[in-house]
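What follows is a single structure, written as structure tokens, with notes after it.
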Amino acid sequence: MILRNLDKKCLLKTLERQFANNYATVTEAAKESREEFKALNLKHVKGQVVQKRAPRKLDVLPPRSKQMATDQDWGNVWPGPRTFHPSTVPLPIRQGYVEKGAPPDKYANAELMKIPNFLHLTPPIIKRQCEALKQFCTPWPKNLNTQEKLIENFPIEVTTSNYCLSSPSIRNPLARIVTLTIKVSSLSLKGAMDKFLRLVGERYNEKTDILTIVADRCPLRKQNYEYAMYLLTAVYHESLKVEPWENLKSEADMEYYNWEKNASKKSIEQIFGKPVEEIPNSKMYAEAVSNLMNEGESDYTIAKYGEAVRTLLNLPKTA
Amino acid sequence: MSLFLRFRLRNIQKNTLGKTFYSSKAEEKIEIPNRIPRGPTDILRALESTVSRDPTAAHYKYHDDPFLIPMSNVGKRTFAMAQESGRKAAHWIRKEHADLFNHRECEPPIETFFPKITFNKNSKVTEEDLKNVIDDVQISEAVNVYKICKENNIEVSQVSQQKLLELLCYYNSEDTLDKEFIEERWFRQSSRLKEKQRKIWRDGNFAEELFISIENPTAEVYSAIIQGMAKHLQVERAWQLFEEAQQKGIIVNTDTYNSLIAVSNYLKEGYDQRWSFAFDLLSDLNRANLKPNLGTLNSVLKTLSTMGTGRVTKTYTLQVLREFKDIGIEPCLASWYYVLITFCKDRGPTSTILTDILNFVENKEHKIQDITDTNFFVTAMDICRNHLHDVDLARRVDKMLNFGSNYDLMGDSYKESIYYRNYFVLLSESLPLEEFMRDIYEKYVPHIYVPEPGVMGEILKIVDINGAIEFIPKLWSDMTVFDHTNRENLLETVLDIMVNNEIESELKENFSNIAWDIFNRIENQNENRTNKIMFTGDLLGKILTLVTRNKDFIKSCTVMDKLDKGHSTIVGVPKIEALSLFVDQCIEEKQPSRAISCIQYCSDSGFPEATILAARLNEKLTLDENHLNNLSKIVGDLSTMKAQ
């Protein structure tokens with residue numbers, strides 16, 4: 001059916017073309033014949049009588065999917081990605097939508113040609129290609145069998161991207177960007193952690209404990225990679241440095257209020273006359289004081305503080 | 001801005017903190033294996049090795065679409081050459097309008113896409129330009145640049161001069177086909193060149209001029225010019241120059257000796273002289289302390305292959321192979337080709353050396369080492385068919401051809417078609433027809449090989465012998481596709497097979513259609529064709545028989561009319577059986593006037609059986625006055641006939 005429609009379409013197309021050719025030179029003979037379409041002839045030009053040659057009939061092979069054996073090797077028929085072709089795919093595929101009736105079949109079906117297909121990547125072919133590529137692969141290191149070991153031994157992850165595109169140039173400026181990630185806990189920072197985090201700023205993700213350095217200022221990937229590694233080294237060693245004035249840090253310079261080291265602890269020890277550990281409810285009090293100092297004064301923290309003081313000193317609760 | 005379809009591939013690389021890849025804990029030593037080295041295209045090649053030829057598809061150079069797949073040999077050639085001519089047109093445009101193609105956006109630049117730089121008398125050239133055109137194999141341009149250099153007194157180093165001389169000698173100072181035109185190389189029948197083995201060296205060409213202009217020619221210069229002359233069969237001059245070099249005490253290289261040995265059959269007449277000539281040259285080679293190479297082996301074998309069918313030649317051949325093997329030179333396919341043509345001569349005794357050769361070369365991937373390597377497969381198959389008639393051997397040769405990338409050594413389309421012609425005919429003669437059609441014909445035809453009319457004739461003959469008429473419709477439809485329908489002998493064979501094997505089955509209709517198709521094809525031949533097929537009485541008779549057997553009365557009448565009207569132009573007459581069949585058909589259809597005109601034709605053609613037919617007609621049908629009168633006019637009194 002479809003084939004016959006196709007033939008008709010082809011015929012119509014050739015007719016159309018012929019009309020276009022004869023547009024200006026329509027002839028009396030053509031006018032007479034009933035089948036011919038009368039072309040618009042505004043200037044009344046009488047053209048020459050053009051003898052139409054009967055179009056040569058072309059023998060066309062049947063679709064080759066009909067010759068295919070049922071046990072053929074599909075990988076040979078469809079070796080690479082290409083647009084769908086009805087005479088090559090021996091499947092009764094349908095695609096598209098019509099108001100009434102079944103979806104159109106594969107012949108002359110633009111819908112099937114539009115969508116990308118994966119006919120070249122059937123499971124047995126993938127398997128075969130993997131077999132062929134195995135010769136270039138090295139075995140995975142035996143001892144490196146868990147994710148923990150992987151992170152422990154190879155804490156730095158460098159990510160780059162390659163771009164494959166159709167253009168006169170194979171270069172893509174985005175390919176230069178190098179992203180370096182590292183779990184900060186794998187660096188032996190100890191006391192310098194604070195300084196390190198201050199140096200890296202927002203590049204550090206607190207939730208995942210991962211530091212990300214993106215280097216894109218140099219034109220080449222290699223340069224960017226080296227720059228990222230340099231940054232990591234520099235920031236690490238910089239944070240390990242201890243300046244002489246750091247020892248002059250007083251209580252007022254502290255980043256946050258630490259109850260253990262402050263006068264509040266000493267004074268309750270004085271009041272009770274015994275170390276903190278032995279004072280009942282001291283923990284609650286310590287927490288309330290640090291909250292008040294660190295988070296600032298609010299209704300909540302003050303209320304909490306009052307409550308803690310009352311509990312500590314065994315005072316009756318306010319009504 | 002255009003939209004790119006873009007693929008982004010992420011590479012993630014894991015690094016250690018320290019320099020070493022070993023972790024600090026001693027018991028957990030992690031060893032990362034070394035990367036396996038690979039070239040830039042190795043992955044693609046590995047993937048390509050998983051794909052083999054699909055017999056239902058045309059070669060990948062054609063579009064995979066029923067309307068665009070070539071179906072005959074002519075079609076294959078035309079389609080491929082049409083593509084090539086498009087390519088050539090593009091090259092021409094680029095050459096004519098070089099100024100329009102300076103848009104150099106690509107990165108990295110693709111030199112082959114840019115217009116070639118041309119030089120004229122006024123252009124400033126350097127030796128660098130000369131080197132570039134030599135590397136690019138632009139022969140006339142190289143000569144041009146060299147001349148400009150000389151005119152402007154630009155120093156050309158000895159190395160460049162030598163390179164230019166070698167280029168000119170190799171190509172005989174003539175421009176060669178661009179390496180991009182592979183289709184033209186494939187389809188031009190280079191093997192035909194073999195037939196006209198004559199001197200093609202252009203005397204006094206620029207290579208010679210250059211040679212003369214070089215003062216104190218070195219060994220390399222002599223080697224180049226001698227090889228060039230020997231290659232293009234200017235053998236006398238080559239030999240002269242060789243002697244000249246020897247007198248001067250210059251030792252030319254091994255390849256020069258090889259090229260001289262290879263042309264010994266042009267220098268010496270007798271077989272013994274040729275052998276002693278080659279032997280002398282080999283001794284010279286030895287005395288000059290030069291190492292022989294594969295080329296030496298091939299040249300010696302080539303000389304031996306021109307030395308007739310004597311037993312001595314064969315002994316020498318084996319000895320040469322042995323000796324070269326001892327010095328570590330393995331023969332290539334070209335060597336085996338020479339051995340084959342030495343041992344398997346048309347007039348000589350049968351030799352099974354191919355079996356022994358196959359044991360050496362089978363299951364191996366061969367790379368081209370000598371240009372004659374491409375002759376091996378076609379010769380081996382020829383020997384399988386014409387010399388040994390051995391199917392198993394032919395299959396082994398074919399298996400070897402399809403091993404790895406050995407198919408690259410097929411040569412060109414001409415060799416390919418001869419190869420398959422031999423393979424097909426051999427298989428069709430030896431295999432049971434069923435098997436042949438199922439396993440071989442279905443697989444190779446039409447995409448890998450289109451049988452030539454001759455091969456088709458052979459197949460038809462075998463079909464005829466086996467009476468396997470069930471293949472006729474298939475073969476006929478193939479023949480129409482392959483443009484074999486203008487071969488009179490093939491048409492006759494097909495008709496003969498169909499007429500001689502009378503059957504009572506649905507094939508009858510097929511046969512009738514085929515006969516009718518043949519009739520129409522001959523009827524509607526192109527007016528302008530040179531050798532048109534003419535209807536003969538016999539041909540029409542066969543068509544008539546087949547159509548009538550299927551009881552297509554209208555068609556039968558058309559054929560009969562053709563016979564009747566073309567009485568003067570059609571040569572010969574049909575067999576009486578056909579006419580009698582037609583009369584019977586007329587009786588069945590109750591068409592006495594048709595029958596009478598047929599009987600008229602019979603009697604006009606001088607068949608005595610006309611009277612019998614008339615009697616039969618009279619008997620079977622009740623004829624009216626008119627008809628009876630007509631009949632009696634033709635055959636005389638009807639009442640007497642009845643008695644007979």
Side-chain angles (χ1 to χ4, degrees), chain A residues 58-65 67-69 72-73 75-80 82 85 87-88 125 128-129 131-144 149-150 152-172 174 180 182 186-187 225 229, chain B residues 2 4-17 21-25 27-38 42-43 45-58 60 64-67 69 71 103-110 442-443 446-447 477 480-481:
Chain A
L58 269 176
D59 292 322
V60 179
L61 284 177
R64 71 185 179 98
S65 57
Q67 299 160 22
M68 289 174 180
Q72 72 172 345
D73 190 336
N76 298 343
V77 182
W78 201 278
R82 64 176 278 212
H85 199 290
S87 73
T88 313
I125 301 305
R128 196 156 75 183
Q129 295 190 343
E131 277 313 308
L133 291 181
K134 257 185 191 163
Q135 50 174 311
F136 302 111
C137 301
T138 50
W140 185 256
K142 246 186 227 162
N143 301 330
L144 212 57
K149 274 188 193 170
L150 190 67
E152 185 192 342
N153 289 293
F154 301 95
I156 300 180
E157 206 173 280
V158 178
T159 311
T160 54
S161 299
N162 291 335
Y163 294 84
C164 183
L165 61 153
S166 114
S167 110
S169 166
I170 61 165
R171 318 272 177 233
N172 190 315
L174 293 174
L180 183 151
I182 182 169
S186 55
L187 296 168
Y225 168 74
M229 291 306 272
Chain B
S2 63
F4 296 130
L5 183 64
R6 199 177 260 179
F7 296 100
R8 186 162 172 259
L9 307 167
R10 277 179 101 220
N11 317 334
I12 298 178
Q13 182 191 335
K14 292 270 184 186
N15 278 18
T16 49
L17 266 180
F21 280 119
Y22 305 114
S23 92
S24 49
K25 290 172 199 162
E27 71 274 11
E28 277 210 322
K29 199 169 150 194
I30 289 166
E31 268 184 79
I32 307 258
N34 286 335
R35 179 194 161 94
I36 296 168
R38 61 169 193 252
D42 282 357
I43 295 266
R45 281 182 199 286
L47 290 179
E48 188 261 335
S49 70
T50 64
V51 181
S52 50
R53 181 80 202 258
D54 168 23
T56 64
Y60 65 82
D64 182 14
D65 186 292
F67 287 88
I69 292 175
M71 293 170 285
H103 184 67
R104 307 198 172 209
E105 278 296 280
C106 45
E107 170 64 37
I110 304 167
E442 288 291 327
K443 187 177 161 200
H447 296 304
S477 73
T480 60
V481 176

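Quick note on labels: first sequence line is chain A, next is B, and so on, each numbered from 1. Hydrogens, waters and symmetry mates play no part in the numbers below; they use all other heavy atoms, side chains included.
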_Options A/R128, A/M68, A/K142, ranked by heavy-atom pairs under 4.5 Å with chain B, top entry_ = A/R128
*Considering only heavy atoms, which portion of A/Q135 lies under 4.5 Å from any heavy atom of chain B: side chain, backbone, both, or neither?*
both
*With distance as the sole test, does B/K443 use its side chain to make a donor-acceptor pair with the main-chain N or O of B/P55 at under 3.5 Å?*
no
*With a 4.5 angstrom heavy-atom cut-off, could you sort out which part of B/D42 is near chain A: side chain, backbone, both or neither?*
both
*Side chain / backbone / both / neither for A/T159 at chain B, heavy atoms under 4.5 Å*: both
*Considering only heavy atoms and a distance below 4.5 Å, find which of B/I69, B/I110, B/D64 pairs most often with chain A.*
B/D64
*Select one option (side chain, backbone, both, neither) describing which atoms of A/I125 are under 4.5 Å from chain B's heavy atoms.*
neither
*asked:* Which heavy atom of A/P63 sits nearest to which heavy atom of B/P66, and what is that distance?
replied: CA-CG, 4.4 Å
*Audit row: A/K134, A/E131, salt bridge (charged side-chain N to carboxylate O under 4.0 Å, His left out) steps and yes/no*: CA-CA 5 Å; A/K134 257 185 191 163; A/E131 277 313 308; 3.3 Å; yes
*asked:* Less than 4.5 Å to any heavy atom of chain B: does that hold for the side chain of A/L133, its backbone, both, or neither?
replied: side chain
*Sorted by first residue and then second, give each salt bridge (Lys or Arg N to Asp or Glu O under 4.0 Å) pair with at least one member in residues 153-172 of chain A; sequence neighbours left out.*
A/E157-B/K14, A/R171-B/E107
*Output yes when B/R45 and B/E48 qualify as a salt bridge under the 4.0 Å nitrogen-oxygen rule, no when they do not.*
no
_Please rank B/A57, B/A46, B/S52, B/C106 by heavy-atom pairs under 4.5 Å with chain A and give me the top one._
B/S52
*With sequence neighbours excluded, what pairs up with B/H447 under the side chain to side chain donor-acceptor pair (under 3.5 Å) test?*
none
